[in-house]
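These notes are about the structure you will find just below.
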Amino acid sequence: MNRNFVLCILACTSLLAPSVQAEAPDLSQEAMAMIRRDFQPRGSAGLNRLDQDAVQAVCNRFANKPPQQLMGLLQADQQAAIKFPADGNLLGDWKAGEALAQSGRGLTWSDSPGTAVGGNCYNCHQLSPAELSFGTLGPSLLKFGKLRGNTAETQRYVYGKIYNAKAANLCSNMPRFGHVGALGEKQIKDLVALILDPESPVNK
Ligand code: HEC
């Protein structure tokens, strides 16, 4: 995103805010000071993880309910930055996708550099009837492909969702796997297959 555009958005929100929506009480400086005091850099988890980009800053500033107009602008910006595969094929191998979805390894402070990065999807979503445990921060994805259809449009939605969840829902809690470079194109295709392929355990 163009830096001037970001700065303009951050500046303009203070003009927009009073007329459009009441701001949440601004405890951000206090909170950041507390986090900076207690967060210790370890391994690959450095202090740069505390830096917010414009989207995170806006969501935090407006307690996840930014003014509609600003939300629309930023979502469009996130959507435009999604890199869809050049070959136009969005569906990979669901088995490789399942291994990724069930792995929470990589990029944590206890992982050695170079550890393969997983999708960690199971930590927030139910994905198959066989799972013994799963998180519930996100909706269950059981039968997602059966219910929503394995159409070109759904494939594009799911690819985009995994690449950058904030493009469709600005203040989503779901990590932006492609946007931040945690997962690459092949891995995202494999995850799309896990969610949509009729043979995947998600759709059994
Ligand atoms: C930290 C929690 C978290 C993780 C990890 C996570 N998600 Fe999500 N996901 C969410 C939340 C919350 C939502 C609902 C809000 C939204 O749509 O952004 C969501 C929504 C979705 C949706 C859209 C559901 C719908 O009904 O349209 C899909 C598809 C999805 N996630 C797939 C994945 C996949 C695949 C992974 C692993 C690569 C993953 N998620 C990892 C939290 C998470």
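One-based numbering, in listed order, for ligands and for the atoms of each. Along the sequence shown, residues carry numbers from 1. Only this structure's heavy atoms are used, side chains among them; waters, hydrogens and symmetry mates stay out.
Under the 3.5 Å distance criterion, the side-chain polar atoms of T115 are matched with a main-chain donor or acceptor of S112. Between the side chain of K166 and the backbone N or O of Q75, no donor-acceptor pair lies under 3.5 Å. Looking only at distances, no side-chain donor or acceptor of Q102 sits under 3.5 Å from a matching main-chain atom of A99. In terms of modelled atom types and a separation under 3.5 Å, the side chain of N123 and the main chain of N120 share no donor-acceptor contact. Using modelled atom types, one side-chain atom of H125 and one backbone atom of P139 make a donor-acceptor pair closer than 3.5 Å.
Protein residues with a heavy atom closer than 4.0 Å to ligand 1 are G119, N120, C121, C124, H125, L137, G138, P139, L141, F144, R148, Y157, K161, I162, N169, S172, N173, M174, P175, F177, L191, listed by chain and number.
The aromatic rings of H179 and Y163 lie perpendicular to each other, with more than 60° between the two planes, well past the 30° mark.
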